[in-house]
Protein chains: 2
Amino acid sequence: MPVVKSRREQYSEATRAALIAAATRRFATDGYAATGLEDVAADIQATRGAVYHHFSSKKALFEAVLEVLEGQSTERIGSAYRAAPDRWAGAMAALDAFLDQCLDPVYSRVVWREGPIAMGWHGWHQTEQKYAYGTITLILGEMLADGLLAPMPLRSLADVAFSAIGAAGHGLAEAAPTDQTRLRAEYRDVLIRMITGLRGDAEQTAT
Amino acid sequence: MPVVKSRREQYSEATRAALIAAATRRFATDGYAATGLEDVAADIQATRGAVYHHFSSKKALFEAVLEVLEGQSTERIGSAYRAAPDRWAGAMAALDAFLDQCLDPVYSRVVWREGPIAMGWHGWHQTEQKYAYGTITLILGEMLADGLLAPMPLRSLADVAFSAIGAAGHGLAEAAPTDQTRLRAEYRDVLIRMITGLRGDAEQTAT
DNA sequence: CTTACTGGCATACACTGCGTATGTAACCAA
DNA sequence: TTGGTTACATACGCAGTGTATGCCAGTAAG
């Protein structure tokens with residue numbers, strides 16, 4: 001395996017990257033369904049042939065786009081979590097990082113709105129196990145292990161939490177830019193109250 | 001307007017209802033994308049012409065299906081809420097009714113999984129304001145007004161709660177029938193803990 | 001330098017499925 | 001019975017995906 005790539009390989013990689021970039025823009029602005037592969041190809045002065053050479057299907061192209069976006073995002077959120085002094089602060093930092101991430105309209109639209117549409121709910125959810133859903137599960141699992149949260153089944157907890165946090169991110173992304181600062185604080189408040197309700201020391205009076 | 005309908009009208013209504021029923025089954029088992037209007041029509045020994053006579057588009061057919069399902073469901077959940085002695089018990093009853101509803105695979109798949117795919121997230125969410133989302137907003141609004149929950153913006157709260165509850169219903173619907181009883185209790189527990197965290201008397205220590 | 005080969009992409013075609021335009025027969029009203 | 005309307009069927013256009021094939025630049029071997 002040559003360590004330095006041939007010109008052909010470099011060109012090929014460049015077009016592949018350009019296709020992913022163009023597809024990202026199209027999917028983010030027009031949505032998955034309304035984006036034709038013709039459009040994507042035209043954006044980089046190529047034809048659909050190029051697309052089908054690099055990706056086996058439209059869905060596969062979307063998956064490549066999603067992996068890039070989620071890879072970056074998960075990295076950011078994860079490092080915010082790890083940088084914090086303790087688990088609780090880490091969870092808060094991760095939440096903040098996530099909400100910040102959702103202020104990027106490309107991220108929120110492609111990952112959270114188009115994702116399930118393009119890949120089907122199952123496929124999307126499965127992919128998410130490597131990224132946002134997986135991160136949330138990890139954090140909650142450690143909080144449970146440390147006794148920060150009352151004992152409860154991780155899977156069910158993660159399902160609900162993932163969806164709740166996603167809704168906040170989604171609502172944030174949809175909002176007008178002028179409202180985003182206020183809304184971000186609101187969602188944050190609601191989510192933190194909810195998480196606090198799950199703490200090990202929180203008394204439960206309800207049936 | 002004749003109070004007794006002509007035979008033509010009766011026949012027409014019957015086929016319309018049959019189309020909705022057939023479409024409901026198809027959408028629930030094969031999903032929106034994989035269902036062709038040809039299939040739906042064939043199921044009732046008709047052609048696509050009949051479909052396009054009664055509905056302006058595939059999406060419109062789906063909306064009709066969704067309205068029927070959500071109408072029934074919202075009615076059940078609402079009456080469970082109203083039958084309870086007080087607001088808190090009402091909220092619990094509504095939650096129970098919703099989780100029960102999600103045990104119906106048709107309801108959960110069509111409304112919660114295919115809905116956003118078929119109508120786009122916006123269209124779906126907008127329609128939901130008449131049904132599940134609207135009901136949740138109503139209940140939470142009354143709880144806020146009664147001081148049962150700590151003061152917080154209704155809209156953000158409803159967004160997060162709607163999504164959290166939806167995730168529970170969704171997870172429940174996906175599960176193997178043997179696990180559903182256990183899972184139902186798990187989700188219920190998690191959700192009630194979260195709601196309890198929002199109560200007016202819950203102390204908050206987090207930042 | 002030539003030759004043979006491979007990889008990257010373009011072109012052309014098949015197929016599916018939605019939507020629309022047009023046809024037709026049953027029904028109803030005058 | 002006749003004229004019009006309603007409920008559907010039939011036929012067509014069109015968009016968009018996927019596939020099969022062709023072509024040319026780039027690379028490697030002799």
Side-chain angles (χ1 to χ4, degrees), chain A residues 1-23 25-27 29-66 114 117-120 123, chain B residues 1-23 25-27 29-66 114 117-120 123:
Chain A
M1 188 108 133
V3 60
V4 56
K5 289 167 180 163
S6 74
R7 219 165 63 233
R8 256 164 77 106
E9 281 174 302
Q10 289 180 30
Y11 285 154
S12 182
E13 271 188 31
T15 46
R16 190 191 143 92
L19 281 171
I20 290 181
R25 285 193 304 273
R26 286 280 182 176
F27 290 151
T29 56
D30 303 341
Y32 179 78
T35 298
L37 294 183
E38 191 80 47
D39 307 327
V40 175
D43 283 351
I44 65 159
Q45 279 79 254
T47 66
R48 293 186 317 128
V51 177
Y52 278 99
H53 178 74
H54 287 283
F55 306 95
S56 61
S57 67
K58 184 180 178 182
K59 192 172 146 188
L61 172 61
F62 182 89
E63 283 190 43
V65 167
L66 189 135
E114 301 300 324
I117 293 177
M119 309 176 59
Chain B
M1 189 107 135
V3 58
V4 58
K5 291 169 181 164
S6 72
R7 220 167 61 234
R8 257 162 74 107
E9 282 175 301
Q10 290 180 30
Y11 284 154
S12 183
E13 270 189 32
T15 48
R16 189 190 144 92
L19 281 171
I20 291 182
R25 286 194 302 274
R26 286 280 182 178
F27 289 150
T29 56
D30 302 342
Y32 179 78
T35 298
L37 295 182
E38 190 80 47
D39 306 328
V40 175
D43 283 352
I44 65 157
Q45 277 80 250
T47 68
R48 291 187 326 152
V51 177
Y52 277 98
H53 177 74
H54 288 284
F55 306 95
S56 61
S57 67
K58 184 181 179 182
K59 193 171 145 188
L61 173 60
F62 182 89
E63 284 190 42
V65 167
L66 189 135
E114 301 300 324
I117 294 178
M119 309 176 59

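Side chains included, hydrogens not; waters and symmetry mates left out as well; all remaining heavy atoms used. All values derive from a computational prediction rather than experimental measurement. Note on naming: letters A, B, ... go to the chains in the order of the sequence lines (proteins, then strands), and numbering restarts at 1 for each one.
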Residue list, side chain to side chain contact (heavy atoms under 4.5 Å, CB included) with A/Ala23, at least two apart or on another chain
A/Phe27, A/Val40, A/Leu61, A/Val65
Gap between atoms CG and P, on B/Leu61 and C/dG19 respectively (whole Å)
10 Å
Contacts of B/Ile117 meeting side chain to side chain contact (heavy atoms under 4.5 Å, CB included) (sequence neighbours excluded), chain-then-number -> A/Ile117, B/Glu114
Between B/His53 and D/dC8, is there a contact of a side-chain N or O with OP1 or OP2 at under 4.0 Å?
no
Residues which pass side-chain hydrogen bond (donor to acceptor under 3.5 Å, both in side chains) with A/His54, listed by chain and number, not counting sequence neighbours
A/Thr15
Tell me: CG of A/Leu19 to P of C/dA10, nearest whole Å?
9 Å
Name every donor-acceptor pair, under 3.5 Å, that has one atom in a side chain of residues 41-51 of chain A and the other anywhere in the protein, sequence neighbours excluded.
from, atom 1, to, atom 2, distance (Å)
A/Asp43, OD1, A/Arg26, NH2, 3.0
A/Asp43, OD2, A/Arg26, NE, 2.8
A/Thr47, OG1, A/Gly49, N, 3.3

Residues which pass side-chain hydrogen bond (donor to acceptor under 3.5 Å, both in side chains) with B/Thr35, listed by chain and number, not counting sequence neighbours
none
For C/dC9, take OP1 and OP2 only and decide whether either is under 4.0 Å from a side-chain N or O of A/His54.
yes
Report the distance from atom CZ of A/Phe55 to atom P of D/dT19, rounded to the nearest whole Å.
16 Å
Just by protein heavy atoms under 4.0 Å, how would nucleotides 9-18 of chain D read 5' to 3' in B, S and -?
BBB-----BB
Interatomic distance, B/Lys58 atom NZ to B/Tyr32 atom OH [nearest 0.5 angstrom]:
5.0 Å
